[in-house]
Asker: 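Before I ask anything, here is the structure I am working with.
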Amino acid sequence: MLNIVIFGAPGSGKGTQSAKLIDKYGLFHISTGEVLREHIKNGTELGKIADSYISKGQLIPDELMISILDSVLEQQAKAGISGVVFDGFPRTIPQAEALNGLLQKRGTELHAVIGLEVPEEELIDRMLSRGKLTGRADDNPDTIKNRLQVYHNQTHPLREYYTKEEKYLAINGMGIVDEIFNEISTGLEAKTGIKSTK
Ligand code: AMP
């Protein structure tokens, strides 16, 4: 059972590379952004709260986000799935600390953090194109600006946190999707011993 975080700024390619990781290694995908967007789409109480933060480009408060993740992990355990790609979580140091606890209480741990590193101008271009293509509401110029600010202030410090824990694997997130994925696979297999299930 292998647990991986895919880490990076908004627009760095986390969703795209997660899809390839779950396909190659038979892992379960948890995207906290997708979980929240699903709640918004279904008009739940949680969705209403989430929308008020997401539309401003702010983070959902840690305590709420951690309890949401805890219940997603509970459902996953009931379904008997092992090994997770965490996409979009953690985004703050308290979330990273909570993740350790959530995994520990399930008898497992975090094995590696894949960091997709992409320059800011490219992130902005990618999010603007995605907004046009998919209609994703928070991919608009004002919200993008806030999301990048929040990333720098609250999320980027995790790079150092996980480097100290010797879990961080820096990946150049610029270029062709398949080439980036090859770099991820090579690094991940060397670091963790994970093998393709294909
Ligand atoms: P994403 O799809 O990962 O880009 O997430 C979209 C938005 O959902 C973010 O801009 C946040 O408002 C919210 N969100 C997703 N994951 C988290 C998290 N771990 N902590 C707080 N807010 C989150």
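Just so we're clear, the structure is a prediction, and the values are computed from it rather than from any experiment. What you see below is based on every heavy atom in this structure, not just the backbone, and it leaves out hydrogens, waters and symmetry mates. Order of listing sets the numbers, starting from 1, for every ligand and every atom in it.
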Asker: Does any N/O atom on T32 come nearer than 3.5 Å to any N/O atom on ligand 1?
Answerer: yes
Asker: Identify the protein heavy atom lying closest to atom 9 (C) of ligand 1, giving its residue, its atom name and the separation to 0.1 Å.
Answerer: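 For this ligand atom, the closest protein heavy atom is R91 NH2, 3.9 Å.
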Asker: Would you indicate whether the side-chain heavy atoms of M127 and T143 approach each other to under 4.5 Å?
Answerer: no
Asker: Hydrogens and angles aside, do E189 and Y25 bring a side-chain donor and acceptor to less than 3.5 Å of each other?
Answerer: yes
Asker: With only distance considered, is D87 within less than 3.5 Å of ligand 1 through an N or O on each side?
Answerer: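 In fact, backbone or side chain, D87 has no N or O that close.
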Asker: Let's go through E34 and H39 carefully: what are the C-alpha distance in whole Å and the side-chain angles of both, what is the deciding distance for side chain to side chain donor-acceptor pair (under 3.5 Å) to 0.1 Å, and is it a yes or a no?
Answerer: CA-CA 9 Å; E34 270 171 30; H39 275 279; over 6 Å; no
Asker: Please report whether ligand 1 has a polar contact with D138, defined as an N or O pair separated by less than 3.5 Å (distance criterion only).
Answerer: no
Asker: Contact between ligand 1 and R37 is defined here as a heavy atom of the residue under 4.0 Å from a ligand atom; is it met?
Answerer: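 Right, R37 reaches ligand 1.
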Asker: Angle between ring planes, Y151 versus H156, binned at 30° and 60°: parallel, tilted or perpendicular?
Answerer: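 Plane angle over 60°, so perpendicular.
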Asker: Indicate yes or no: does an N/O atom of G88 lie under 3.5 Å from an N/O atom of ligand 1?
Answerer: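 Such a contact does occur with ligand 1.
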Asker: Specify the protein heavy atom at minimum distance from atom 22 (N) of ligand 1: its residue, its atom name, and the distance to 0.1 Å.
Answerer: I60 N, 3.1 Å
Asker: Provide the number and element of each atom of ligand 1 under 4.0 Å from a heavy atom of L36.
Answerer: 8 (O), 13 (C), 14 (N), 15 (C)
Asker: Starting from atom 20 (N) of ligand 1, locate the nearest protein heavy atom and write down its residue, its atom name and how far away it is, to 0.1 Å.
Answerer: Q95 NE2, 2.9 Å
Asker: Look only at interatomic distance and state if S31 has a nitrogen or oxygen under 3.5 Å from any nitrogen or oxygen of ligand 1.
Answerer: no
Asker: Of the protein's non-hydrogen atoms, which lies at the shortest distance from atom 12 (O) of ligand 1, and what is that distance?
Answerer: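 Of every protein heavy atom, Q58 O, 2.6 Å lies nearest to atom 12 (O) of ligand 1.
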Asker: Tell me which protein heavy atom sits closest to atom 7 (C) of ligand 1, plus the residue, atom name and distance to 0.1 Å.
Answerer: I54 CG1, 3.9 Å
Asker: Is I68 close to L36 at the side-chain level, that is, under 4.5 Å between some pair of heavy atoms?
Answerer: yes
Asker: Going by atom types only, do T108 and N3 share a side-chain donor-acceptor pair under 3.5 Å?
Answerer: yes
